[in-house]
2 protein chains.
Amino acid sequence: MLGGRFGPGERILLREVAAELGISLTPVRDAVNRLIAEHVLERGSSGQGGGAVVPRMDVVRFDELLTIRCDLEGRAAARAAERCASGDLGVLDELLAEMKALIRDQNLNVYLDLHRRFHFELYALARMPILEGLIENIWLRCGPVLTYVIPDYVLLEKGSDLHTAALSALRAGDADAAATAIRQDIREAGRYIVGLADAAGLIENPAVSHRPQAHAAS
Amino acid sequence: MLGGRFGPGERILLREVAAELGISLTPVRDAVNRLIAEHVLERGSSGQGGGAVVPRMDVVRFDELLTIRCDLEGRAAARAAERCASGDLGVLDELLAEMKALIRDQNLNVYLDLHRRFHFELYALARMPILEGLIENIWLRCGPVLTYVIPDYVLLEKGSDLHTAALSALRAGDADAAATAIRQDIREAGRYIVGLADAAGLIENPAVSHRPQAHAAS
DNA sequence: CGCCTTCGATCGTTATAACAAACAACGAAG
DNA sequence: CTTCGTTGTTTGTTATAACGATCGAAGGCG
């Protein structure tokens, strides 16, 4: 259900999903309400036009999410550098090596999975479970844009370098360097994503869009 | 329902609350599930011992919450300093003056209300609604400890000074100073709260508690 | 006397039907 | 032709009953 099956602005109807899954309204409503509580979905107005919708994204909102990610994940990386033992880094080494191979092969889907695992394995070393939950939530809230951009996503070497830098910082126990690397990684990828999504017209950019916002009105 | 009616570890039974409010199970279940999704409550194991419980707090957990607060609210303060106009600060001036008067009078309850309003009025100036929501959530998750400590809370002048410093930084447009003041405020209050709660045995401190943890087993 | 099984009570979950709100389409009056 | 009221449909919400899982206590067996 979270596999990007719904795009931004798309309505999700309880009875529809319930029928599709062959279950009653109640569990579907529970699940949707939970996602709404986590701000992964938004509540559409009741009545005929009701239903839950995946929130529309615009550049200022996406930039705010990116800023929060920098703070949260920068903190997690710094704390990980302070707390990790050298034995903890084996998994990250393997992950990074696999990721580099996948970049050469331009294998997108499995790369993205490993990319996610790399980040969260790293953050897990910080031993801050509450922070980890918050980061996971922000990733979910960034999700809708990403799933749309993915088909056009081109694998970059630059991100890989920043991952390497972060891992080196962890090995050196350098908290500041780890935080900086992660923050740069987030900003770098963010700029790239915004460029792609804006060009595809998927992110609403009411102020400074390079095209007349004909679709923004709907 | 959020007025601190339940203490850490206390079970909340759906049928009980439903009967008390004279309504059906469903809306109660919805509300509780939402609070669980927001991590304000935790799910007790099903069956006879089921029910929702307010999460127990310990020092490492509380410290993690404080660290996150420093990052989030520090960012909000910095951004507020960058974005606020001088005309926006009138409300904060009035709030601060009232707060100082209430400290002299040792009027606790209304002080805490104004204290909260001061912080969130300040963060609102950052115009980062997503960040604001996250901060609100973290405050809620800190709530259980605070409501227990409040009766013994003694109003400090120090916090007031840090609030003044933050406001001055906003007026000067100094982002770093604003963030620093807010972070110090959080750490200062945090240290004080931990001291009170630990002395009262309300926070579990398994490792370095100054007393034998007789109550921790229950 | 101790341990394992079994039964019963408790409590969250699911299903189903009735309810309420809200939007859209239609029709009548101006 | 426009505008306002009405009606019908759609969709989330609430109530109620049946279900399933789990924990504790009682009773039988070693």
Side-chain angles (χ1 to χ4, degrees), chain A residues 1-57 129 133 136-137 140-141 143-144 204 214-218, chain B residues 1-57 129 133 137 140-141 143-144 204 215-218:
Chain A
M1 181 152 175
L2 290 172
R5 296 214 358 234
F6 298 98
E10 190 169 345
R11 289 199 328 179
I12 297 174
L13 301 176
L14 298 189
R15 285 177 170 83
E16 203 171 297
V17 178
E20 187 176 343
L21 273 65
I23 57 180
S24 171
L25 278 182
T26 316
V28 179
R29 208 173 74 94
D30 282 358
V32 169
N33 278 339
R34 175 178 166 174
L35 293 176
I36 289 173
E38 291 171 347
H39 297 100
V40 178
L41 293 180
E42 276 178 359
R43 193 179 300 277
S45 32
S46 316
Q48 196 178 22
V53 296
V54 348
R56 293 186 180 280
M57 186 74 74
E136 221 155 332
N137 177 251
L140 272 182
R141 291 165 82 167
E204 297 169 17
H215 58 284
S218 66
Chain B
M1 181 152 176
L2 290 172
R5 298 217 354 236
F6 298 97
E10 190 170 342
R11 288 199 328 178
I12 296 175
L13 301 176
L14 298 189
R15 286 175 170 84
E16 204 172 295
V17 179
E20 187 177 344
L21 273 64
I23 55 180
S24 170
L25 278 182
T26 316
V28 179
R29 209 173 76 94
D30 282 357
V32 168
N33 278 339
R34 173 178 167 175
L35 292 176
I36 290 174
E38 292 171 347
H39 297 99
V40 178
L41 294 180
E42 276 177 358
R43 195 179 300 277
S45 31
S46 317
Q48 198 179 20
V53 295
V54 351
R56 294 188 178 280
M57 186 73 76
N137 177 250
L140 272 182
R141 292 165 81 167
E204 297 168 15
H215 59 285
S218 65

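Residue numbering restarts at 1 for every chain, and letters A, B, ... go by the order of the sequence lines.
Rounded to whole Å, the distance from CD1 on B/I23 to C1' on C/dC19 is 16 Å. Taking atom CG on B/N33 and atom P on C/dG12, their separation rounds to 10 Å, with Å as the unit. Whole-Å rounding puts the B/L14 CG to D/dA15 P distance at 14 Å. B/L25 has its CG atom 16 Å from the P atom of C/dA15, to the nearest Å. A straight line from CD of A/E16 to P of D/dT11 spans 8 Å, rounded to a whole angstrom. To the nearest angstrom, P of C/dT16 lies 16 Å from CZ of A/R29. Taking atom CG on A/L13 and atom P on C/dC23, their separation rounds to 15 Å, with Å as the unit. Atom CZ in A/R11 sits roughly 12 Å away from atom P in C/dC23 (whole-Å rounding).
Residues A/E38 and B/A37 come closest through the heavy atom pair CG-O, 4.2 Å.
Of the candidates D/dA15, C/dT16, C/dT13, D/dA15 carries the atom nearest the B/S24 side chain, counting heavy atoms from C-beta on. Nearest nucleotide to the side chain of B/P27, out of D/dA15, D/dG12, C/dT13: D/dA15. Comparing atom distances between the B/T26 side chain and each of D/dT13, C/dT13, D/dA15 picks out D/dA15 as nearest.
Exactly one of B/I36, B/L35, B/D30 qualifies for a side-chain contact (heavy atoms from CB on, under 4.5 Å) with B/V32. That residue is B/I36.
Scanning atom types as modelled, one donor and one acceptor separated by under 3.5 angstrom connect the side chain of B/R15 and the base of C/dG12.
For the pair B/N33 and A/N33, the minimum side-chain heavy-atom distance is 4.5 Å or more. Between B/R29 and B/T26 there is no side-chain heavy-atom pair separated by less than 4.5 Å.
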